[in-house]
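Here is the structure we will look at, set down as structure tokens.
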Amino acid sequence: MGTAGYLRCVAMFRLQGSKVLAVDMTGDAVKAKNGSMVAYDGQMAFKKMSGGGEGLRGMVTRRLTGEQMTVMEVKGHGTCWFADRASEINLVNLQGDKLYVESSNLLATDAGLRTGTSFTGMRGASQGNGLFTTTVEGHGQAAIMSDGPAVVLRVSSQYPLTVDPGAYVAHQGNLRQSFQSGVTFRTLMGEGGGEAFQIRFEGDGLVYVQPSERNTIAGDV
Amino acid sequence: MGFREINSRMVEATVVPGQKLFSQRGAMLAYKGDVSFTPNMAGGQGGIMSMIGRRVANEDTPLMAVEGSGTVLFGHGGHHVQVINLSGDTLCVEADRLLAFEGTLQQGTMFLGSQGGVMGMVRGQISGQGLFTTTLKGHGAVAVMAHGGVFEIPITPQRPVHVDPQAYVAHHGDVRNKLSTALGWRDMVGRGSGEAFQLELSGSGAVYVQASEEKL
């Protein structure tokens, strides 16, 4: 790649079936969830990293937020296959925008993408995932996992979207999120419909929703 | 003969008189026609010596012999089923992953220590395979279970393949496997990447890998 400076070495992400991610690498690196490699050929080296940003600041953030995804850096020549507990895998293309995803749902990213942590407030708590979430930013590909095949829902300014916190997987684009609660007198009496809390997305972007609900506080009331 | 895949978790086998099938006990879902299921105390083929061998090797999954004429549906525990057709080569698979196989195949047990001596035994312990593994040889079809989908990676002499021991399902062909370690000081201080041990398969053949790191 020495002659053409603009031609970057980028790991090729492709899906093999719906549950296995194959990455073709030529000397470049990807970041993947710890222990998610199932097979490889060629030469690969695995090194542990820590999510939530780089450097000392990242370390402090990780300690404080509990959003410490254990990531490994995979580098080498050949093909590497990743899978995790037979979860469905979705490929996401990032062109300079930001992807918000729960660290437990993130399988792999291009090494060129920056990962960080952001505060989610009430929304995070309602998902049963804590108050913080992982962000992925830059140009490249990322693979996210869902329990069952995820649907991608587009949100535009005319069409806001409301999702169940337990079924939310990730979102990208320029979205504002707000927390909605439908708690009424009936809910307090234990007669709720099981849909007391929702997340509302407004703006312009994409939301990934899985056909399954995590156990959340919201699901119980 | 052979197995037809009804969907990803169910296979259908046709039974004709004179041709036996073996399947894991309790794996029959439904059948049509006149089919009998007899529990096989010996846990497979061979005489009393093979039976003792399997008991000792802890590779004695309860099997039943399926005979008669008709069609039988097999499936177990909602696991994914992969059909592998053998034409003269040997398949190595853990006994508890075997769903069903044709009687034309020769069943045996292999001592892992015979491949690579002490390292072979260590490998068996680490990958959870134990010291022995089941081999099937000859011409016929085998239905193997796995958690999640299964995919096949070809192995050629120029292209050895490394597999996570937990995701390994089976392999066939003329393949040598050895345990390769990537243990570094990072693993000693608890900063490992979770990929310290890998099975290195080289030779010519194919390896089947599941999309999950969970055992059955």
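Excluded from the calculations below are hydrogen atoms, water molecules and symmetry mates; all remaining heavy atoms, backbone and side chain alike, are included. Lettering of chains follows the sequences in order, A, B, ..., and the numbering in each one begins at 1.
For the set B:V207, B:L201, B:V209, the entry with the most heavy-atom pairs within less than 4.5 Å of chain A is B:V209. In terms of heavy-atom pairs under 4.5 angstrom with chain A, the leader among B:H147, B:R159, B:Q210 is B:R159. Between chain A and the options B:P160, B:G148, B:A146, B:G149, heavy-atom pairs under 4.5 Å are most frequent for B:P160.
For the residue pair A:G35 and B:D164, the shortest heavy atom distance occurs at O-OD2, 4.2 Å. Closest non-hydrogen pair, A:A86 versus B:S212, comes out as N-CB, 3.6 Å.
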Exercise for the section: Start with the C-alpha distance between A:W81 and B:I153, add both sets of side-chain angles, then the distance that settles side-chain contact (heavy atoms from CB on, under 4.5 Å), and finish with yes or no. Expected result: CA-CA 10 Å; A:W81 287 271; B:I153 306 175; 3.5 Å; yes
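Counting heavy-atom neighbours within 6.0 Å of B:F151 CZ, excluding the residue itself, gives a total above 12.
Proximity to chain A (any heavy atom under 4.5 Å) is shown, for B:Q158, by neither the backbone nor the side chain.
Of the inter-residue distances, the one linking B:T156 atom OG1 with A:D41 atom CG reads 8.5 Å to the nearest 0.5 angstrom. Remark: A:Y40 OH to B:E200 CD distance equals 7.5 Å, nearest 0.5 Å.
Side chains of B:E152 and A:Q16 form no contact here, defined as non-hydrogen atoms less than 4.5 Å apart. Side-chain contact between B:H162 and A:M37 is absent, with no heavy-atom pair separated by less than 4.5 Å.
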